[in-house]
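This report refers to the structure that appears directly beneath it.
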Amino acid sequence: MADFTFDVDTSPMARSVDGVSRHVGGVTQAVVSMEAAVIASERAASQAICRNVDAGFYTLVKSQISQKAVAAYAEMSSEQLSLLQMAKALDNIQQQMESDFHMIARRYNKLFQSLNKALEMRVTELDRPAMQLAEIRKNIVFDKLKDSSAINFSVTSEALPIAQMAITSKMKQNTRDTMQSLAGYIDAGHVYTESVKGMLASQPQAEPCASHIAAVLLETDSLLTANEQIDSVITAQAEAWQATAPLVSALSQAKSSLDWQANSEEDKAATRSEFMALCEKEVAGDERIAKEIARLFDASAWEAIK
């Protein structure tokens, strides 16, 4: 079988492929540039649209608010005019009522005056002798005393010693009553003193003895001021001993010199048992509160005076 060998020159095709490759690269760059330009233009257009939408919405809302404000102001003005008219009408009604009241008051005043005069005339006609006697006494006695100044002066000068004598006698009587009261008070005090002395003499004198009074000195942290303690003193209350101020003052002065030491485990255990028994009695049925109280008690520590 015959063999054939052909030599084909591919240089033109290679050059063509190289040219196509360069053109494809240029097209790719152009596409990329166009895409970037399109994206930029779309972004600019979207921003412009957003600005226009925002400006339009702001203008719309502003115009609506302005319209509502104008409508409200117009309504307020009309209501204000109505209120002014009502106020004028009320003033007119008040003036009319005042004039009617004064007119009716004058009318009834005249009516009552005429009734008083009519009743006075009727009473005068019914008790004519007594009324005539009163008129005579008024004309003869009181009118003359009222119109004559000399009589007033003479009566005053004559009555002055009598008045002084009456005042002196009244003062003497009051002084006598006061002295009698003081004498009775002194006698009663003397009798009471003698009775007390006799009672004390008949009873044996009790020897002085020392007494112990229970008191609690409580020091707590202030909830208002940091690093500040509030001291409280609790003492026993009894009818025979009510003046607790000296004990409170003594404890407040001696608190700085007291020897505070931590409690022993035995004392704390005994106190815990009593405290738990009291809590079970007071918060029966509420297990959560009882557990919280027990937790707070176990987490706390206290000291006692040794």
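Predicted model only: the values in this text are computed from it and were never measured.
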Taking atom [atom1] as the centre, does [X] end up with more than 12 heavy-atom neighbours from other residues, nucleotides or ligands that are less than 6.0 angstrom away?
| X | atom1 | answer |
| --- | --- | --- |
| Tyr108 | OH | no |
| Glu35 | CD | no |
| Gln47 | CD | yes |

Distance in Å, [X] [atom1] paired with [Y] [atom2], rounded so as to fall on 0.5 Å steps:
| X | Y | atom1 | atom2 | value |
| --- | --- | --- | --- | --- |
| Lys110 | Leu115 | NZ | CG | 14.5 Å |
| Glu266 | Thr271 | CD | OG1 | 11.0 Å |
| Ile49 | Asp54 | CD1 | CG | 12.0 Å |
| Gln94 | Ser99 | CD | OG | 11.0 Å |

Single-linkage hydrophobic cluster [X]~[Y], side-chain heavy atoms < 4.5 angstrom:
| X | Y | value |
| --- | --- | --- |
| Ile65 | Phe57 | yes |
| Leu111 | Ile104 | yes |
| Ile289 | Phe275 | yes |

Task: Distance-only donor-acceptor check, side chains Asp100 and Gln96, under 3.5 Å - done: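 The answer is yes; a qualifying pair exists.
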Report all side-chain donor-acceptor pairs from residues 80-90 shorter than 3.5 Å, counting only partners two or more places apart or in another chain.
from, atom 1, to, atom 2, distance (Å)
Ser82, OG, Ser78, O, 3.0

Task: Cluster companions of Met76 among Ile, Leu, Val, Met, Phe, Trp, Tyr (side-chain spacing under 4.5 Å) - done: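 ILVMFWY cluster around Met76 also holds Tyr73.
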Open item on the list: Starting from Val31 and following side-chain heavy-atom contacts under 4.5 Å between hydrophobic residues (I, L, V, M, F, W, Y), which residues can be reached?
Closed with: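 Via sub-4.5 Å side-chain contacts, Val31 links to Val27.
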- [ ] With sequence neighbours left out, write down each residue that passes salt bridge (Lys or Arg N to Asp or Glu O under 4.0 Å) with Asp298, or none if nothing qualifies.
- [x]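 Asp298: salt bridge (Lys or Arg N to Asp or Glu O under 4.0 Å) contacts with Arg272.
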- [ ] Could you list the residues that satisfy side-chain hydrogen bond (donor to acceptor under 3.5 Å, both in side chains) with Glu292, not counting sequence neighbours?
- [x]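 By the side-chain hydrogen bond (donor to acceptor under 3.5 Å, both in side chains) rule, Glu292 matches Arg295.
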Open item on the list: Please enumerate all residues that pass side-chain hydrogen bond (donor to acceptor under 3.5 Å, both in side chains) together with Gln113, with sequence neighbours excluded.
Closed with: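 Only Asn109 meet the side-chain hydrogen bond (donor to acceptor under 3.5 Å, both in side chains) criterion with Gln113.
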Task: Heavy-atom pair of closest approach, residues Leu60 and Ser63 - done: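 Closest heavy-atom pair between Leu60 and Ser63: O-OG, 2.6 Å.
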